[in-house]
Structure formats: C-alpha cells, structure tokens
Amino acid sequence: MERHVKISRFPRVGSAVMVGALALSLAACGSDPTTGGTTTETEGGGEAISGDFAGAGASSQESAMEAWVAGFQGANPDVTIDYDPAGSGAGRDQFLAGGVAWAGSDSAMDDEELEKSTEICGPDGAIDLPIYVSPIAVTFNLPEIDSLNLSSEVIANIFKGEIKKWNDAAIAADNPDVELPDLAVTPVHRLDDSGTTENFTEYLSATAAEAWTDEPDGVWPLEGGDSAEGTSGVVGVVTETEGAVTYADASKVGTLGTAAIKVGEEWVTHSPEGAAAVVDNSDRVEGRSEHDFAIEVDRTLTDPATYPLVLVSYAIACTNYSDEATGNFVKAFLAYQASDEGQQAAAGAAGSSPISANTAEQVAAAIDSITVG
C-alpha cells in the first residue's frame with residue numbers, strides 16, 4: 001500500500017483561489033506578484049520597507065528560511081513574511097501564476113518556465129540565484145547502525161525495489177564489518193514535485209546509468225513505494241519506520257543513520273564543505289542571461305574532497321517589479337540571504353554550506369540589477 005503524508009509548518013499563502021484571483025488581476029507584461037506593501041524614505045536617505053509579502057517553494061530551505069525571516073524582520077519590524085514550504089515545483093508554479101513575490105527551488109527554471117516568467121516579470125523574465133547549498137543525505141532507520149557504505153548502483157537498486165532486505169549481498173559486500181539485520185527495506189520517496197528528487201535522480205542517472213535508466217525528474221518516476229510530501233514528510237516516515245530509507249536535505253535527518261557514497265575510490269560522508277566544493281567545480285548552465293546563475297552540477301567528480309550528491313537551491317525572482325514596494329522588498333530580502341550574515345544564519349540553523357565569496361559577489365550583482373518601477 002502506498003502511504004501519503006503531508007507536513008507543512010507555515011500557513012499556505014497561495015491557494016488555488018488566491019493565485020487565480022491574483023493572476024487575473026495582473027497585466028500581461030511587467031506585472032508584480034505581491035501581497036502588498038509600502039516603501040518610504042528614512043532620514044538617512046535609505047528606504048524603509050513595510051508590508052506583508054509571500055514566497056513559496058523548496059521545503060529544503062525551511063530551516064534556513066526561518067532564520068532568514070527572523071533576521072530580516074528583526075531589522076525591518078514593519079515587514080511580515082510568509083513562506084510556504086510546499087515543494088520546489090509548487091513554489092515555481094505559484095510564482096509563475098503571480099501568487100508570490102519570489103520562489104525557492106531546488107532546481108533552476110527550465111526553458112519553458114523561463115519563457116512563461118515573461119508574463120509576470122516583463123520581457124526579461126526571471127532569474128535563478130543560488131543562495132542555499134546543502135548535501136543530500138541517503139538516510140535510513142536501522143537499529144544501532146549509524147553509517148553504511150552505499151554505492152550509487154546499490155542506492156538505485158534499493159529505490160527501484162530490487163534490493164529487498166538490508167542484509168542483501170550487495171550491501172554486505174561494501175560493509176564487511178557491519179552486522180546487517182534481516183529486515184525489509186522500505187524506500188520512501190517524495191510525493192510532491194521536488195527539486196530534491198530531481199537532484200537525487202540526476203545523481204543516480206549520472207553515476208549509475210546501467211542501474212538507473214529513468215531520466216532525471218522532479219516527479220518520482222517509479223510506481224509504488226511509500227511516499228510523503230516535503231522534506232519533513234519523508235524524514236518523518238523514516239523516523240517512524242524501522243528499515244525505511246529516503247533521500248533528504250542533510251540538515252533535516254536528525255539522529256537517523258546516513259550513507260557514505262563512493263567518490264572516486266573512497267567512501268565519502270556528507271558535509272557542507274564537500275557540497276560547497278562541488279558547486280565551485282561545476283559550470284553555469286549555458287544560454288542563460290548574464291544574471292541567471294543556474295548551475296550544471298558535476299555529479300561525476302572523483303575528488304574525495306567533494307560530495308556530488310548535493311542540492312543547489314535557488315531564489316527565483318523577477319528582473320523587474322513594477323510595484324515599488326514589492327521590488328524593494330525582494331531586493332533587500334534576497335540581498336540579506338546572500339550576504340555573509342544571512343549565509344551564516346542559514347548555516348547555523350540548517351547546517352548548509354555558505355556560498356563562496358565569488359558566488360556571493362556575482363549573486364549580489366544580479367540582485368542589484370533587478371529594476372523597480
């Protein structure tokens with residue numbers, strides 16, 4: 001039986017009715033997804049931001065977002081920010097429908113979404129800004145076992161349902177010193193359209209092509225199995241189920257066991273440093289605008305200082321906001337997220353890897369390029 005679990009810690013701000021009403025009210029070009037706000041000039045010549053603003057998207061960013069919201073609202077007490085961690089796909093959908101001011105996503109917009117963004121953002125559309133980097137952990141619930149070595153081929157066969165017991169010979173071969181239980185394997189995947197799923201399936205496709213023949217996708221490609229919505233959802237199922245295993249942002253796994261993956265000839269455990277090293281050794285997606293920083297993550301790196309099972313999570317924003325209050329809020333809030341203070345706040349709350357100084361400088365320039373009015 002397939003099991004569905006949904007967990008959401010923030011109030012949903014983009015219901016179908018609300019999004020539909022907002023979308024109908026927007027002009028076809030240069031319109032703004034916004035819930036309303038004002039901008040006034042302070043005595044020092046800066047701009048004071050106030051109002052209610054909404055974003056939606058990646059549940060992987062949830063802990064970091066709580067820290068970012070707290071920090072930003074502490075400095076801007078007249079601002080209220082709601083973030084709905086509904087999943088990357090839902091966040092992009094809400095943004096492209098005009099329901100939220102920005103989106104969080106564990107995968108960059110595809111070409112079709114970039115084209116659609118011109119309806120909300122004007123002719124220059126929207127941009128992807130990498131502001132959250134974190135390893136994805138293969139995490140499991142096994143009595144008295146904290147760590148296992150799992151190759152990408154074994155991981156693929158676990159999630160395909162071909163490895164059915166934890167004491168299977170393929171697992172035992174790479175874990176000779178571990179007493180593996182005669183316990184059923186229960187793989188748990190994301191039910192929602194998830195950037196974490198897209199990153200995970202991309203890793204399997206790149207490193208275990210013979211075992212994993214499905215194309216990378218944010219929607220889980222296989223039938224059956226247990227499932228749950230959001231990062232907290234899948235981690236919750238695994239926590240409650242002995243023998244269960246899932247893939248999730250490493251910051252959310254708590255005391256569950258985690259796998260070391262094969263990188264080159266060595267077994268490597270997840271770490272913020274390993275995730276950051278992957279980003280610094282990967283190229284930008286070609287054919288994007290100057291200020292779009294979608295990254296083509298290299299999953300096949302063999303340097304054991306890297307951890308290629310990584311997610312690069314983006315803030316998706318318009319290049320132009322015709323509403324002054326919304327545009328000024330988005331610029332200020334994203335600048336805070338990308339700043340050293342914001343990145344350290346996220347690292348403290350979520351265990352994420354601060355983006356490098358070079359990436360931060362480029363992201364700051366992209367945010368500064370966003371026009372208002």
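For the numbers below, each heavy atom of this structure counts, side chains included, while hydrogens, waters and symmetry mates do not.
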Sort and list the pairs that fulfil ring pair (Phe, Tyr, Trp, His ring centres under 6.0 Å) and have at least one residue in residues 235-257, not counting sequence neighbours.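 Pairs touching residues 235-257 that pass the test: Phe159-Tyr247, Phe200-Tyr247, Trp220-Tyr247.
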Taking the side chain as C-beta and beyond, is there a heavy-atom pair between [X] and [Y] under 4.5 Å?
{"X": "Thr186", "Y": "Glu242", "value": "no"}
{"X": "Pro187", "Y": "Phe140", "value": "no"}
{"X": "Cys318", "Y": "Val330", "value": "no"}
{"X": "Leu129", "Y": "Tyr314", "value": "no"}

Any donor-acceptor N/O pair, [X] side chain to [Y] backbone, under 3.5 Å:
{"X": "Trp68", "Y": "Gly342", "value": "yes"}
{"X": "Tyr83", "Y": "Val69", "value": "no"}
{"X": "Asp303", "Y": "Ala305", "value": "yes"}
{"X": "Asp128", "Y": "Phe293", "value": "no"}
{"X": "Asn175", "Y": "Ile171", "value": "yes"}
{"X": "Asp217", "Y": "Val219", "value": "yes"}
{"X": "Trp166", "Y": "Leu142", "value": "no"}
{"X": "Asn76", "Y": "Ile49", "value": "no"}
{"X": "Asp368", "Y": "Ala364", "value": "no"}
{"X": "Gln73", "Y": "Ala70", "value": "no"}

List in chain and number order the residues that pass side-chain hydrogen bond (donor to acceptor under 3.5 Å, both in side chains) with Ser105, two or more places apart in sequence or in another chain; answer none if no residue qualifies.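 With sequence neighbours excluded, Ser105 shows a side-chain hydrogen bond (donor to acceptor under 3.5 Å, both in side chains) to Arg92, given in chain and number order.
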Distance only, no hydrogens: is a donor on one side chain within 3.5 Å (strictly under) of an acceptor on the other, for [X] and [Y]?
{"X": "Asp106", "Y": "Ser60", "answer": "yes"}
{"X": "Asn320", "Y": "Thr371", "answer": "yes"}
{"X": "Asp249", "Y": "Ser251", "answer": "yes"}
{"X": "Thr231", "Y": "Ser59", "answer": "yes"}
{"X": "Gln61", "Y": "Ser313", "answer": "yes"}

Could you walk me through whether Ser227 and Arg190 pass the side chain to side chain contact (heavy atoms under 4.5 Å, CB included) test, one step at a time? CA-CA 5 Å; Ser227 62; Arg190 287 282 290 269; over 6 Å; no
Ion pair Glu202/Arg299, N-O distance below 4.0 Å: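 The answer is yes: the pair qualifies as a salt bridge.
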In terms of side-chain geometry, is the basic nitrogen of Lys116 or Glu119 positioned less than 4.0 Å from the acidic oxygen of its partner?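 Salt bridge flag = yes for Glu119 with Lys116.
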Partners meeting salt bridge (charged side-chain N to carboxylate O under 4.0 Å, His left out) with Asp182 (sequence neighbours left out):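 Result, salt bridge (charged side-chain N to carboxylate O under 4.0 Å, His left out) vs Asp182: Lys165.
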Excluding sequence neighbours, so at least two apart, what forms side chain to side chain contact (heavy atoms under 4.5 Å, CB included) with Thr300?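 Checked Thr300 against side chain to side chain contact (heavy atoms under 4.5 Å, CB included); matches are Ala206, Asp298.
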Once you measure the plane-to-plane angle for Phe333 and Phe329, does it fall in the parallel (<30°), tilted (30-60°) or perpendicular (>60°) bin?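 It falls in the parallel class, under 30°.
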Considering only distance and modelled atom types, tabulate donor-acceptor pairs under 3.5 Å from the side chains of residues 261-281, sequence neighbours left out.
unit_1	atom_1	unit_2	atom_2	d
Ser271	OG	Gly274	N	2.9
Asp280	OD1	Ser356	OG	3.3
Asn281	ND2	Ala277	O	2.7

On a heavy-atom basis, which atom in [X] and which in [Y] lie closest, and how many Å separate them?
{"X": "Tyr132", "Y": "Ser352", "result": "CE1-CB, 3.4 Å"}
{"X": "Gly125", "Y": "Thr319", "result": "O-OG1, 2.7 Å"}
{"X": "Ser107", "Y": "Glu198", "result": "OG-OE1, 3.2 Å"}
{"X": "Lys331", "Y": "Ile367", "result": "CE-O, 3.3 Å"}
{"X": "Thr201", "Y": "Pro221", "result": "CG2-CD, 4.5 Å"}
{"X": "Gln343", "Y": "Ile355", "result": "OE1-N, 3.0 Å"}

Value rounded to 0.5 Å, distance of CG in Asp292 from CG in Asp124: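 One gets 12.0 Å once the value is rounded to the nearest 0.5 Å.
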Under the side chain to side chain contact (heavy atoms under 4.5 Å, CB included) criterion, do Val138 and Thr258 qualify, and how do the steps go? CA-CA 6 Å; Val138 177; Thr258 57; over 6 Å; no
For side chain to side chain contact (heavy atoms under 4.5 Å, CB included), just list the numbers for Val245 and Ile158, CA-CA rounded to whole Å, side-chain angles, deciding distance to a tenth of an Å, and then say yes or no. CA-CA 9 Å; Val245 57; Ile158 284 174; 3.8 Å; yes
Donor-acceptor contacts under 3.5 Å from residues 148-156 side chains, at least two apart:
unit_1	atom_1	unit_2	atom_2	d
Asn149	ND2	Asp174	O	3.1
Ser151	OG	Glu153	OE1	3.4
Ser151	OG	Val154	N	3.2
Ser152	OG	Thr207	O	3.2
Ser152	OG	Thr207	OG1	3.3

For Glu361, look at atom CD and say whether over 12 heavy atoms of other residues, nucleotides or ligands are found less than 6.0 Å away.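 Open.
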Would you please test Ser63 and Lys252 for side chain to side chain contact (heavy atoms under 4.5 Å, CB included) and show each step? CA-CA 9 Å; Ser63 294; Lys252 292 292 189 177; 2.8 Å; yes
